Amino acid sequence: MIPIAPIQIRAFEPNHGMTDSKYFTTTKKGEIFELKSELNSDKKEKKKEAVKKVIASMTVGKDVSALFPDVVNCMQTDNLELKKLVYLYLMNYAKSQPDMAIMAVNTFVKDCEDSNPLIRALAVRTMGCIRVDKITEYLCEPLRKCLKDEDPYVRKTAAVCVAKLYDISSSMVEDQGFLDQLKDLLSDSNPMVVANAVAALSEINESSASGQPLVELNSATINKLLTALNECTEWGQVFILDSLANYTPKDEREAQSICERITPRLAHANAAVVLSAIKVLMKLLEILSSDSDFCATLTKKLAPPLVTLLSSEPEVQYVALRNINLIVQKRPDILKHEMKVFFVKYNDPIYVKLEKLDIMIRLANQSNIAQVLSELKEYATEVDVDFVRKAVRAIGRCAIKVEPSAERCVSTLLELIQTKVNYVVQEAIVVIKDIFRKYPNKYESIISTLCENLDTLDEPEARASMVWIIGEYAERIDNADELLDSFLEGFQDENAQVQLQLLTAVVKLFLKRPADTQELVQHVLSLATQDSDNPDLRDRGFIYWRLLSTDPAAAKEVVLADKPLISEETDLLEPTLLDELICHIASLASVYHKPPTAFVEGRSAGVRKSLPNRTIAHTNDEATTSESATVIPNQESLIGDLLSMDIGAPVAASNVSQPPQSNVDLLGGGLDILLGGPPAVETTPAVQNTGNGLLGDIFGITTQTTTMIAIPKITWLPAEKGKGLEIQGTFARRGSGVYMDMTFTNKAMQAMSAFAIQLNKNTFGMVPGAPLQVPSLPPGQTAEVSLKLSISGPIMRMEPINNLQIAIKNNVDVFYFACLVHGHTLFTEDGQLDKRVFLSTWKEIPAANEVQYTLSGIVGNADAIAAKMTANNVFTIAKRNVEGQDMLYQSLKLENNVWALLELKLTPGSSEGTLSLKSRSVEVAPMIFTAYDMIIKSSF
């Protein structure tokens, strides 16, 4: 965009040195009246001085809107400086004075035909910035002329104005043909005009309601953009590179050609250009063969520019480091030989130090671990406490990541413990606990050294870690009971984290040495259940008490169960999120490490990007040529690679069904504190309420016989778009499978035959489970068809996620359409979680992954709703009544093995309810809410 601010700056640049400050110092009364008089003066110099005073007052926040007509009268001037000032005033006040602003229209139109290109550009830019409908109507003709102006400065300004106009009135831009003119500017001879046209089209694409690209990039367009890339300004280059990042080459040869022409941008002085070039190259690397020499050479070329960015000022360094963090996670080979540049300098700001530290750990491997450990040990003696803590933790992460170095890391940590520096010792104990988890029965000999520092621990996390170590290895510590007893003396003053860990550690000790620790366990259970106000602690105490009193053997299996090993990298980004963030390198998303949807509200928040599928690059040219002829031009809604699929290919047989795999850790969490008793084998009988009344009867739901909801068919392909073929359809779930139920009607004058179907890649990998069996259809005839879908095909994220794009072929043509799969048909029959797993998983999923939805028009009580949902594979795990509200806890599993946990809150007598959903893939929420709403309002 062409910024507005510089107009104001240049306007106050006469040859008076620093005297312009005088305009901002006047505060006398009657100033508005004086200004009004000066604005109407016959002397040009006095009039200009008056306008400057008005602008100065406006800048410092004074209301000078009363002078609007007088300032507008000053527009009739040949003085460029005065005209800029008046235009600046107009932009600021036109919205509040629309009726007055219309007075300036004639001058704007006249200025758009001025002989001076600067005035022409200024006029069209100002009209675009004035968001007043009445003025916008007059903008079309001047804008159309300026888009074809002989001067490139005017054309590039007009290109940006189209984007501004689209923001005000998108329909006007489309109706007046400005988009086509903007596309024509992509072929302009001036590179800056091309860059601004690209910038305008990108902004329009982002703000378009459909989210579909308004201009399809092809090889010819890409070639024009690459030609302009070498000659335009740095910000023009950024716009062009960002546009190139949205293009997927048709084959590997084209990808290589683009890479070669973009690579010189890596040597640019502007960091934004360098990062934008890296973003494009990172996307293209997905298409290139990973074992090719070209790919290896390109990977080597990416390292130097990234290293160079680290010699910039700290703020640029930080942005570069955050982007490098993503690049290293995706392609660690790029910087594997550049470890030294991430070593911390003494004068680095703390935010740069911490980011460098994180990248050092990601690059650590067996060949450089000695160097890394030496650095980290040095950092642990620094004066910055936060940095020292991170350095000590980094040593622990090295031990977990690089197994051969674990012993060396532990020795380094022991040396640091010997320094007796309090916060170093405490951090060391926290990471040693994780090392014990990673390498069981290997380094426990150092426990005695850790116990020596027990009295110095004052931070909750360190105390909790030490307590865990004592409880976990109680059989190796002779005085474990004494050590834990010393913690119990101040039990009520301990942090909740330490209290919970103490409770578990004492129970572990009792199960290992029951003879001499009975009093200790009774004491801690009493403290936890009777003297504590913390519900988590109290509930865990009760569950332990009940387990120990009813079945000690079961308690031993639960409490002393093998712990899952700690993974090498616990802080890696989830792969699909990482791919999306790679597409946003050089933007705020790459600094936050969050997708734009997490922090941007509005027009572009919902547009998701992803790296290209590697298989796209290997489509042969013949297939592309032959299938492009089957495209129906008016199918504008079709996206993805539906156009290049082989309609005539044989349908793959559905895979042999495999046992469902859950991504839920069946032993994870520790939320079994909420259970009403030991796990029962039967799930239908209700658990009887016990005398303590604290845990209550939250389990056991009686079910009623009911049926799955059936959604009526709707028209998927109307006859007018199907050349006489009408297809109505719906989706249903029968016998653990998803079916497409369709009605084919021939409304044409000729018979139709040779039907075939193909589905585009989709979120759930749905493909036809068998060939489409449609009999020959004479005119006026109808056929009912049911097609089972197999969940075994290639996967591509769709928006919305249940969007399914379909191609139907017959002897007439190929027809494309899209429809939404009903969410409930994707709910599987094995979606009922164990009560313990449900509770632990709910706690493990972060609060950020919880979404709420208000249901209305609810009929029936909680039991009726539970029965209705169970019939549709939404299983009720628990039911309870809290403060007069019925709460249903439910689980479901989708065909792609994504679990969703639900909490339904109902108020008896009310037709509204609140549905809360938690899932590790929160993108499924809208589809599930829609399905839930349909089920709950169904009348069966």
Side-chain angles (χ1 to χ4, degrees), residues 1-2 90-91 94-95 98-99 101-113 120-152 154-188 193-218 220-221 224 239 243 246 602-604 606-607 631-639 718 720-721 816 818:
M1 286 291 179
I2 298 174
L90 277 171
M91 280 189 268
K95 198 164 186 179
D99 294 331
I102 202 72
M103 294 165 50
V105 166
N106 286 335
T107 309
F108 280 132
V109 174
K110 182 182 172 187
D111 284 353
C112 285
E113 296 180 359
R120 295 201 300 274
L122 183 64
V124 76
R125 176 169 55 184
T126 308
M127 286 183 80
C129 291
I130 296 177
R131 304 176 67 86
V132 176
D133 291 338
K134 291 180 179 178
I135 288 185
T136 305
E137 293 170 12
Y138 291 94
L139 174 60
C140 294
E141 279 310 311
L143 179 57
R144 187 174 283 108
K145 289 179 182 176
C146 288
L147 284 167
K148 296 178 180 177
D149 198 278
E150 60 184 17
D151 192 283
V154 180
R155 293 200 301 278
K156 82 181 184 72
T157 307
V160 177
C161 189
V162 174
K164 292 180 182 294
L165 182 60
Y166 189 89
D167 199 32
I168 300 168
S169 174
S170 57
S171 57
M172 182 182 290
V173 171
E174 291 169 6
D175 296 343
Q176 295 286 337
F178 288 133
L179 286 180
D180 292 328
Q181 283 191 268
L182 205 53
K183 292 171 192 174
D184 292 340
L185 289 183
L186 292 176
S187 306
D188 199 276
V193 176
V194 175
N196 276 23
V198 168
L201 283 169
S202 298
E203 187 155 326
I204 290 171
N205 277 344
E206 287 182 5
S207 58
S208 68
S210 65
Q212 304 304 313
L214 295 168
V215 55
E216 285 291 341
L217 293 175
N218 52 40
T221 310
K224 292 170 188 171
F239 289 137
S243 188
N246 296 324
R603 61 191 187 189
S604 62
V607 180
V631 178
I632 299 175
N634 64 355
Q635 298 293 327
E636 295 172 354
S637 63
L638 193 65
I639 60 173
E720 58 268 21
K721 289 190 177 180
Y816 303 100

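Numbers here simply count residues along the sequence, with the first being 1. Because the structure is predicted, anything quoted here is derived from the model rather than measured.
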So, taking the atom named [atom1] in [X] and the one named [atom2] in [Y], what distance separates them when rounded to the nearest 0.5 Å?
{"X": "E150", "Y": "R120", "atom1": "CD", "atom2": "CZ", "result": "6.0 Å"}
{"X": "K164", "Y": "E203", "atom1": "NZ", "atom2": "CD", "result": "7.5 Å"}
{"X": "D151", "Y": "K156", "atom1": "CG", "atom2": "NZ", "result": "10.0 Å"}

Given side chains that start at C-beta, do those of [X] and [Y] come closer than 4.5 Å, heavy atoms only?
{"X": "V194", "Y": "K224", "result": "no"}
{"X": "L182", "Y": "I204", "result": "yes"}
{"X": "D180", "Y": "K183", "result": "yes"}
{"X": "L186", "Y": "L201", "result": "yes"}

Main-chain N/O of [Y] paired to [X] side chain as donor or acceptor, under 3.5 Å:
{"X": "R144", "Y": "G177", "value": "no"}
{"X": "R155", "Y": "C146", "value": "no"}
{"X": "T126", "Y": "L122", "value": "yes"}

**Message:** L147: which residues meet the side chain to side chain contact (heavy atoms under 4.5 Å, CB included) condition with it, sequence neighbours left out?
**Reply:** L143, A158, V162, F178, Q181, L185
**Prompt:** Can you list the residues that meet the side chain to side chain contact (heavy atoms under 4.5 Å, CB included) rule with N218, with sequence neighbours excluded?
**Reply:** A220, T221
**Request:** Considering non-hydrogen atoms only, spot the tightest contact between V193 and P152 and give its length.
**Result:** CG2-O, 3.4 Å
